[in-house]
Amino acid sequence: MSIKQEILNKIKEYNRIIIHGHTRPDGDCYGSQFGLKEIIKESFPNKEVYVVGEVSNYVSWIDSPDNISDDLFKGALAICVDCGNSERLADQRFKLADYVIKIDHHIPVDNYGDLQFVEEQKAACSQIIFELYDEFKDELKINLKAATALYTGIVTDTGRFRFDSVAPETFNVAAKLLSLGVDIADIDNKLSVESLDVLKFKGYVLSKFKMTEDGFAYVKITKEVVEKYGITMEDAANQVNLISTIPGYPVWALIIEYPAEIRVRLRSRGPDVDKLANKYGGGGHAKASGAKLSNWRQLPKFVKDANELVKEYKQSLN
Ligand SMILES: [Mn+2]
């Protein structure tokens, strides 16, 4: 039996299904969570389906998570989407569920869950969710809300179809979502809205970033800076690609101070950066990873390691 068939069987088996996502959910996390919720509800109207986790301001127009009590997890099926490591799951009560399924496209950090369906080559977890629906479309139903959520997940995780994770199937899925009535211009408008405060913050990033000798570009964002500009951490962290275009600087990062820790958003169009992220308590994709620093004193070491990574990469090209 294929893993997809096993997933469908588990969905059929359980009357209560709780869908989990990662902390600081992005478009693909929300897209996968709410896309899957709508598909299950549309297909099996008698099932109870919940989405749990944190709120995302960026894609709040998709839907918002449910607040549910602990006892609902008992006897439930938990489906965790778009999350490669269990500690990054926003609601740790998946542990209380009867059975746990992981559906993801990140490089696995730990193999949590009773059943794991991971397709690392897929551009978005939302793409995997749609393909799951598509494989069983004789038995499953979809609606416009699900299609809109899934399309948003694909469009955000691919940088609007620009990353090299985009494959012919990504466009096939997008085409099918479009035929379901998704309003791509409306989604693009919603994703493009930018406040004056964010615009001013972009000016800060562009004037303050630093560059190392061998080709690592980075910007340090303290909590005072985020407060000064009056923007959310999410809005601040989303500006990482402002410094993505400099010739000779194939690796870049935005390093931002959260209340409890300093988080590194690490990106590359050259060497794989996930191993470097692993070294600093993080992980993710080969070209897009996250890491952590316990304090700003760790920054010079991180910058040195990133610089070294680029140096070795450039040497390997010669
Ligand atoms: Mn994703």
Side-chain angles (χ1 to χ4, degrees), residues 7 19-39 51-60 62-63 65 79-91 94 101-113 116-133 146-167 169-174 177 182 187 191 234 237-238 240-241 244 254 263-268 272-274 277-278 282-291:
I7 294 173
I19 305 169
H20 292 252
H22 55 76
T23 54
R24 290 172 297 281
D26 55 9
D28 188 33
C29 183
Y30 253 40
S32 303
Q33 285 183 287
F34 292 105
L36 181 59
K37 177 183 178 178
E38 288 299 318
I39 290 168
V51 162
V52 294
E54 296 173 6
V55 169
S56 165
N57 294 321
Y58 179 53
V59 284
S60 58
I62 292 178
D63 206 335
I79 304 180
C80 305
V81 296
D82 198 39
C83 187
N85 50 323
S86 58
E87 71 165 24
R88 193 176 171 225
L89 287 164
D91 192 326
F94 71 96
I101 297 175
K102 173 194 193 184
I103 303 177
D104 188 30
H105 70 135
H106 293 88
I107 298 164
V109 177
D110 62 357
N111 294 318
Y112 69 89
Q116 294 145 17
F117 183 43
V118 179
E119 294 190 303
E120 286 169 43
Q121 79 283 10
K122 293 293 161 75
C125 189
S126 296
Q127 182 184 334
I128 301 173
I129 302 290
F130 182 83
E131 287 169 347
L132 184 68
Y133 152 77
T148 301
L150 295 173
Y151 185 87
T152 304
I154 293 169
V155 96
T156 52
D157 250 28
T158 59
R160 308 193 189 188
F161 300 102
R162 289 180 307 169
F163 298 162
D164 59 9
S165 57
V166 174
E169 308 88 72
T170 319
F171 283 108
N172 289 339
V173 168
L177 292 168
V182 169
I187 292 171
L191 294 172
E234 191 183 8
N238 279 340
V240 58
N241 287 331
S244 66
L254 182 143
R263 302 190 71 93
V264 182
R265 274 209 167 178
L266 185 61
R267 299 291 181 266
S268 173
D272 291 352
V273 291
D274 56 298
N278 292 156
H285 304 285
K287 311 291 181 194
S289 276

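Counting starts at 1 for both ligands and their atoms, in listed order.
Between F94 and H20, the ring planes are perpendicular. Angles over 60° get that label, and only those under 30° would be called parallel.
Side chains of D274 and H285: no donor on one and acceptor on the other come within 3.5 Å.
When OD1 of D82 and NE2 of H105 are joined through the Mn ion (ligand 1), the resulting angle is 80° to the nearest 10°.
Nearest N, O or S atom of D157 to the Mn ion (ligand 1): atom OD2.
In summary, D26 places no N/O/S atom under 2.8 Å from the Mn ion (ligand 1), failing the contact criterion. Metal site remark for the Mn ion (ligand 1): D28 contributes an N, O or S atom at a distance under 2.8 Å.
Side-chain contact check for Y30 versus T152: every heavy-atom pair is 4.5 Å or farther apart.
What you find for A90 and G53 is that their closest heavy atoms are CB-CA, 3.9 Å.
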